[in-house]
Structure formats: structure tokens, C-alpha cells
Visitor: 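Please read through the structure below; I'll follow up with questions.
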2 protein chains.
Amino acid sequence: MGEQLTTLHALAEPNRFHIVELLRVGPLTVGEIADSLKLRQPQVSKHLRVLSDSGLVEVQPIANRRIYKLQSQPFLELEEWLDTFRNIWEDRFDRLDEYLKDMK
Amino acid sequence: MGEQLTTLHALAEPNRFHIVELLRVGPLTVGEIADSLKLRQPQVSKHLRVLSDSGLVEVQPIANRRIYKLQSQPFLELEEWLDTFRNIWEDRFDRLDEYLKDMK
DNA sequence: AAGGAATATTCTTGTAAGGGAATATTTAAA
DNA sequence: TTTAAATATTCCCTTACAAGAATATTCCTT
């Protein structure tokens with residue numbers, strides 16, 4: 001799977017999306033996330049695993065706690081990908097007429 | 001579901017992702033997409049349905065063909081969402097030390 | 001050393017969703 | 001007005017995956 005697909009897949013799950021939204025405020029422990037989102041701890045750990053595998057978050061172990069924080073790279077790469085569409089909105093389209101004429 | 005989640009969900013499926021990548025070159029019919037990606041027509045139609053429902057593509061019916069083309073808005077909105085993370089990479093993080101000190 | 005917190009992992013189950021095959025629908029062409 | 005082409009839809013099956021519950025692991029505290 002391409003990098004973007006991995007990132008998209010991780011972000012597309014509602015609870016993971018919420019976790020990411022929550023982490024934008026600052027790093028949090030598993031328990032804090034679970035409390036905030038009213039999720040059970042195991043599910044949070046599992047979602048964090050996916051986010052971690054996809055590179056979207058990073059762990060910092062402190063004693064028996066684990067502090068998760070967002071990682072910029074996947075976000076920046078996804079934005080770069082989206083950026084490659086910019087030319088398209090300006091140039092190529094809105095010339096549908098000509099394309100249709102050729103098809104006829 | 002929020003707009004971004006809808007967009008992410010639609011893009012996160014590999015075949016739909018490929019369809020989007022293909023459509024960036026220009027508008028295409030269902031058959032052309034099926035041929036290019038070596039997918040069966042019904043599956044392509046089904047994926048296009050999801051992409052259409054999420055606003056990522058638009059249909060233009062011509063005779064018994066249907067020409068699909070990308071729609072800029074969801075892409076732009078997703079990029080805007082990603083853009084709201086920019087401040088985060090610069091400011092808040094990389095001060096994890098202080099946060100940890102407070103937790104102790 | 002023992003007990004308790006915080007987190008991760010495993011197993012099971014239920015469900016959403018994609019693929020395959022068949023069929024319906026629409027439109028052009030003969 | 002039949003026939004064929006392009007596309008959409010439906011039904012069935014299978015698989016991926018998220019939730020729940022229980023358990024394992026790690027580290028602190030006493």
C-alpha cells in the first residue's frame with residue numbers, strides 16, 4: 001500500500017479520527033484519551049497501534065504510562081499529495097466540451 | 001459523519017484511490033476506468049457511486065455513457081483541514097520535556 | 001516481595017463492505 | 001421495434017475489522 005493509502009486508511013476510521021483531533025491539543029496518555037472519548041482502554045490501545053504503525057503518532061514511554069503525540073510527516077505528505085491536484089482544478093477541466101466532441 | 005471523514009473514507013479504499021488517480025488525467029467513462037484498472041464494470045460502478053456520494057466525482061451523462069470527472073471541493077476542504085495542523089508542528093510540540101515535568 | 005495502575009495483547013463475535021454473477025435500465029443503432 | 005452496448009443495481013458470499021471480555025505485561029509503590 002502506498003504511503004498515502006496507509007495514512008488515509010488510518011484516518012478514515014471515526015474513532016481514530018477523533019483521537020487525532022484530540023491529540024492536536026497536545027500529547028496524551030492512553031487513559032486520558034479513553035476518558036475523553038468515552039472509549040474502553042483496549043480499543044484505544046488498538047487504535048493507537050494502527051495510528052502508530054502508520055506513522056501518524058509516536059510513543060514516549062514514561063514509567064508505566066505511554067504518551068502519544070502526533071507526528072507531522074504523514075500529514076505533510078498527504079498534503080503534498082493533495083497539492084498535486086491543484087493544477088488540475090485550474091487547467092485541464094472545464095474543457096469537457098472538447099473532450100466530448102472527440103468521443104462522438 | 002463530518003465532511004472530512006466522508007472524504008477520507010471514500011479515498012481510503014485502494015481501488016477508489018486508483019480511480020481518483022486515474023481521473024486526474026481527465027474525465028473518463030466507466031468502461032475506460034474498468035479497462036485501465038482491470039476491474040469489472042459493476043465494481044467500478046459501485047466504487048464510483050461511493051465517490052459520487054462523497055462529492056469527489058461528478059457525472060455527466062452522454063447518451064448511454066457516463067463520464068466521470070473529479071470535483072475539486074472535497075480535495076480543497078481536506079487540504080484545509082490538513083492545513084489547520086500546520087501551527088502544531090511549529091509551536092506546541094517539541095516541548096514534550098516540559099509537559100512531562102508537569103506530569104510527574 | 002506483593003499488590004496495584006496503566007497499557008498491550010489475544011480471542012471471540014458481530015457487522016460493514018467489497019467482489020462475483022446475474023439482472024435491470026437506458027440509449028443508440030439497425 | 002428489435003438488438004446491442006454501456007451502465008447501474010441486486011443478491012449472495014466472503015473477508016476485514018471494530019468492539020467486548022479476559023488476560024498478559026510492565027512499572028511503580030508500599
Visitor: To the nearest Å, how far apart are B:N15 CG and D:dT15 P?
Guide: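 Distance check: B:N15 CG to D:dT15 P gives 17 Å.
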
Visitor: Starting at atom CD1 of A:I62, determine the distance to atom P of C:dA5, rounded to an integer number of angstrom.
Guide: 21 Å

Visitor: Whether B:T29 contacts D:dA6 is assessed here as follows: a side-chain N or O lying under 4.0 Å from the phosphate OP1 or OP2. Is that the case?
Guide: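 So the side-chain polar atoms of B:T29 never come under 4.0 Å of the phosphate oxygens OP1 or OP2 of D:dA6.
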
Visitor: Side-chain donor-acceptor pair under 3.5 Å between A:S45 and A:Q41, yes or no?
Guide: yes

Visitor: As a test of reading the structure: which of C:dT7, D:dA21, D:dA8 is closest to the side chain of A:P42, going by heavy atoms?
Guide: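 Selected nucleotide: D:dA21.
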
Visitor: Does B:R66 use its side chain to pair, donor to acceptor, with the backbone of B:P61 at less than 3.5 Å?
Guide: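 Not a single qualifying donor-acceptor pair exists.
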
Visitor: In terms of relative ring orientation, are A:F75 and B:W81 parallel, tilted or perpendicular, with 30° and 60° separating the classes?
Guide: tilted

Visitor: Do B:Q41 and D:dA8 share a donor-acceptor pair, side chain to base, under 3.5 Å?
Guide: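 Between D:dA8 and B:Q41, which were checked side chain against base, a qualifying N/O pair under 3.5 Å is present.
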
Visitor: Send over the distance from A:R40 CZ to C:dA8 C1', rounded to a whole Å.
Guide: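 Going from A:R40 (CZ) to C:dA8 (C1'), I get 17 Å.
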
Visitor: Quick one: A:L51 CG to D:dA18 C1', roughly how many Å, whole number?
Guide: 14 Å

Visitor: Could you state the CD-P distance from A:Q60 to D:dT26, rounded to the nearest angstrom?
Guide: 19 Å

Visitor: Any donor-acceptor pair, under 3.5 Å, between the side chain of B:N64 and the base of C:dA28, if you only look at N and O atoms?
Guide: no

Visitor: Tell me: CG of A:L48 to P of C:dA8, nearest whole Å?
Guide: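 Roughly 7 Å, once rounded to whole Å.
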
Visitor: Among C:dG19, D:dA18, D:dT7, which is the nearest nucleotide to the side chain of A:R16?
Guide: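 So the side chain of A:R16 is nearest to D:dA18.
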
Visitor: To the side chain of A:H47, which of D:dA19, C:dA28, C:dG19 is closest?
Guide: D:dA19

Visitor: Confirm from the modelled atom types if A:E13 and D:dA18 form a donor-acceptor pair under 3.5 Å, side chain to base only.
Guide: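 Flag unset: no donor-acceptor pair detected.
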
Visitor: D:dA6, OP1 or OP2 - any side-chain N/O from B:R66 closer than 4.0 Å?
Guide: no

Visitor: Please pick, from D:dA8, C:dT7, C:dG19, the nucleotide with the shortest atom-to-atom distance to any side-chain atom of B:K46.
Guide: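 Closest of the options to the side chain of B:K46: C:dG19.
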
Visitor: Could you tell me how far apart A:R65 (CZ) and D:dC28 (C1') are, to the nearest whole angstrom?
Guide: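 Distance check: A:R65 CZ to D:dC28 C1' gives 10 Å.
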
Visitor: Hey, is the side chain of B:Q43 pairing donor to acceptor with the base of C:dG20 inside 3.5 Å?
Guide: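 Pair found.
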
Visitor: Between B:R49 (CZ) and C:dA24 (P), how many Å, whole number?
Guide: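 It is 19 Å, rounded to the nearest whole Å.
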
Visitor: Nearest 0.5 angstrom please: B:K46 NZ to B:R40 CZ, how far?
Guide: 11.0 Å

Visitor: Is the ring pair A:W89/A:F85 parallel, tilted or perpendicular, if the boundaries are 30 and 60 degrees?
Guide: parallel

Visitor: For A:Y68 and C:dA8, is the shortest distance between a side-chain N/O and OP1 or OP2 below 4.0 Å?
Guide: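 Yes.
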
Visitor: Could you tell me whether B:P61 contacts a base, only the sugar-phosphate backbone, or nothing, with contacts defined as non-hydrogen atoms closer than 4.0 Å?
Guide: nothing

